[in-house]
Amino acid sequence: MLSPVLFTLAGASALVAALLPRVVDRLPVNLPMAFLGAGVLLGLVPGLPSVDPLKHREATQHVTELVVIISLMGAGLALDRAVGWRRWASTWRLLAVAMPLTIAAVAWAGWLAGLPVAAALLLGAALAPTDPVLASDVQVGEPADEDNTEDEVRFALTSEAGLNDGAAFPIVHLAVVLAGTGLSVVALRDWFLEDVALRGVVGVASGLLIGWVLGRLFFHSPLPSLRLADNAEGFTALAVTFLAYGVTELVHGYGFVAVFVAACTIRSAERAHGAHKVAHEFVEQIERMLTSWLLLLLGAALSDGLLAALTWRLALVGVLLIVVIRPVVGYLSLARTAGGPRERWVIGSFGVRGIGSLFYLAYALGEGEFPGEELWAAVGFTIALSVFVHGLTAGPIVRRLDAARFRNAPTDHRGDVAGTHL
């Protein structure tokens with residue numbers, strides 16, 4: 001009877017994922033909160049199999065991997081602002097300043113909480129990236145026909161989430177090195193050359209090349225039959241996603257980086273084309289369905305013993321990350337960038353934790369020896385805290401920012417501000 005039960009749950013959750021955004025449009029509840037809570041209740045139902053990410057590590061790794069790369073494609077396609085040093089200044093600051101400081105602060109707190117150095121560093125690397133899956137309330141909407149249509153808050157959080165998943169990978173590898181051979185000059189040199197320089201460069205270059213080739217093919221091919229954008233099909237976005245990720249991983253690069261870069265490159269090939277909206281909508285629907293299933297499983301795991309190893313010190317690490325570390329370092333890293341103090345506080349405060357953290361932890365536990373139960377408890381607790389804290393506060397705060405922006409906007413631009421996606 002297990003198979004029919006699983007199919008029933010999968011179908012019901014997908015249907016609810018389609019209906020829920022309309023039902024709770026003005027309520028302080030979003031899709032991640034609803035499904036995580038439903039999963040907690042589901043885990044209390046007797047007779048269902050236990051959900052243990054430690055026992056099913058490989059399945060956890062590959063499912064979360066799939067959700068993350070699909071969401072990265074959606075984020076890259078949605079960004080209207082062309083890539084540039086000044087135009088993306090807030091993004092570069094969040095990546096180069098906020099993320100390393102967050103990793104260091106969480107790792108230090110994890111060490112004080114009793115974790116070994118390597119495990120503490122892994123905890124910092126896993127929890128530092130913001131999430132492109134669960135942060136829809138504070139991210140950009142569908143692709144628009146003009147550049148620079150996003151406000152700074154939504155743009156910064158979306159672009160950061162698109163890039164920092166791949167940017168955290170070198171620190172995950174460093175934690176694996178520490179847990180294995182230990183840190184030496186040779187190990188540090190090899191780690192930097194391979195896991196920082198080589199994989200990073202290959203990830204960016206592969207994403208640019210694949211995005212450029214497919215962008216030219218889709219929009220500018222001399223053969224009309226090859227210009228797929230003329231008869232847009234949403235599943236071509238999945239083709240690009242899997243090609244960019246698979247090819248890049250085969251040539252020893254960071255596939256997460258390549259997927260996001262490829263999406264941005266394809267978007268720049270013909271920025272105002274309607275095919276982007278079709279592709280983005282398709283990716284968003286797939287992402288929503290997979291996310292609903294994954295959150296159900298995470299919620300079930302939380303009530304099925306995932307938090308058994310959680311100590312008050314590890315719980316405090318998660319609380320500090322959500323309410324102190326990320327808001328403070330995010331705000332300070334954005335000094336003298338676009339937007340006022342309120343916008344910088346919102347950007348700093350709404351670094352949502354989510355699916356990427358699950359992937360990094362599952363990946364690292366397959367590569368090195370770590371205290372898995374404690375790490376899963378800390379990461380699971382932090383994600384649940386982020387889902388509910390950010391889910392309750394994101395909508396009202398962002399709407400208040402939109403209202404203030406509308407009041408301060410020139411009369412002839414108020415329609416654009418009012419139409420900003422929530």
Side-chain angles (χ1 to χ4, degrees), residues 65-84 87-88 91 132-133 136 139-150 154-155 158-163 165-166 200-251 253-291 421:
E65 184 178 33
L66 176 63
V67 176
V68 171
I69 63 174
I70 289 175
S71 68
L72 291 175
M73 175 58 60
L77 290 175
L79 289 171
D80 300 325
R81 192 178 304 187
V83 179
R87 288 188 292 266
W88 284 45
T91 310
V133 182
S136 59
Q139 292 195 356
V140 301
E142 66 179 16
D145 294 334
E146 299 177 0
D147 288 348
N148 300 322
T149 59
E150 312 105 335
R154 290 183 176 87
F155 168 78
T158 304
S159 56
E160 178 198 15
L163 283 169
D165 272 315
V201 170
V202 170
V204 174
S206 178
L208 286 171
L209 178 61
I210 292 173
W212 183 83
V213 170
L214 294 181
R216 296 292 301 179
L217 176 68
F218 292 168
F219 297 102
H220 305 292
S221 173
L223 298 176
S225 59
L226 297 181
R227 288 199 296 269
L228 296 180
D230 292 343
N231 296 289
E233 298 283 356
F235 66 83
T236 57
L238 289 183
V240 177
T241 302
F242 296 151
L243 273 174
Y245 188 77
V247 170
T248 304
E249 290 289 324
L250 283 174
V251 295
Y254 287 129
F256 285 175
V257 174
V259 170
F260 183 75
V261 171
C264 293
T265 305
I266 288 178
R267 180 71 197 276
S268 66
E270 190 69 43
R271 190 163 295 278
H273 202 286
H276 298 307
K277 291 184 180 180
V278 175
H280 178 267
E281 182 178 359
F282 181 83
V283 167
E284 189 177 40
Q285 291 171 351
I286 298 296
E287 175 191 321
R288 190 189 308 170
M289 180 181 68
L290 294 176
T291 301
H421 171 77

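As the structure is a prediction and not an experimental result, all values here were calculated from the model.
- Here the closest heavy-atom approach between residue Ala161 and residue Leu72 is recorded as O-CD2, 3.8 Å.
- For Thr241, the side-chain contact (heavy atoms from CB on, under 4.5 Å) partners are Ile69, Met73, Val259, not counting sequence neighbours.
- Using modelled atom types, no side-chain atom of Arg87 and backbone atom of Arg81 make a donor-acceptor pair closer than 3.5 Å.
- Taking His280 as the reference, nothing meets the ring-ring contact (aromatic ring centres under 6.0 Å, His included) condition, with sequence neighbours excluded.
- Under a 3.5 Å cut-off, the side chain of Ser221 and the backbone N or O of Phe218 do not form any donor-acceptor pair.
- Checked by atom type and distance alone, the side chain of Glu160 never pairs as donor or acceptor with a backbone atom of Thr91 at under 3.5 Å.
- Separating the CG atom in Leu77 from the NZ atom in Lys277 is a distance of 13.0 Å, to the nearest 0.5 Å.
- In this view, Glu270 and Phe219, His220, His273 satisfy the side-chain contact (heavy atoms from CB on, under 4.5 Å) rule, not counting sequence neighbours.
- Shown here for Cys264 and Trp88, the closest heavy-atom pair between the two residues is SG-CH2, 4.2 Å.
- Ser268 places a side-chain N or O within donor-acceptor distance of the main-chain N or O of Thr265, the cut-off being under 3.5 Å.
- Residues Val247 and Ser206 approach most closely at CG1-OG, 4.5 Å, considering heavy atoms.
- Residue Gly215 comes nearest to Ala269 through the heavy atom pair CA-CB, 3.9 Å, listed as atom of the first residue, atom of the second, then distance.
- Shown here are the side chain to side chain donor-acceptor pair (under 3.5 Å) partners of Glu65, two or more places apart in sequence or in another chain: His62, Tyr245.
- Across all their heavy atoms, Ala262 and Val240 have their closest contact at CB-CG1, 4.5 Å.
- Shown here are the side-chain contact (heavy atoms from CB on, under 4.5 Å) partners of Val204, two or more places apart in sequence or in another chain: Leu208, Val257.
- Side-chain contact between Val201 and Tyr254 is absent, with no heavy atoms from C-beta onward closer than 4.5 Å.
- Of all the heavy atoms in Ala244 and Ile210, the pair that sits closest is CA-CD1, 3.7 Å.
- Take Leu238 and apply the side-chain contact (heavy atoms from CB on, under 4.5 Å) test, not counting sequence neighbours, and it matches Ile70, Phe242, Phe282.
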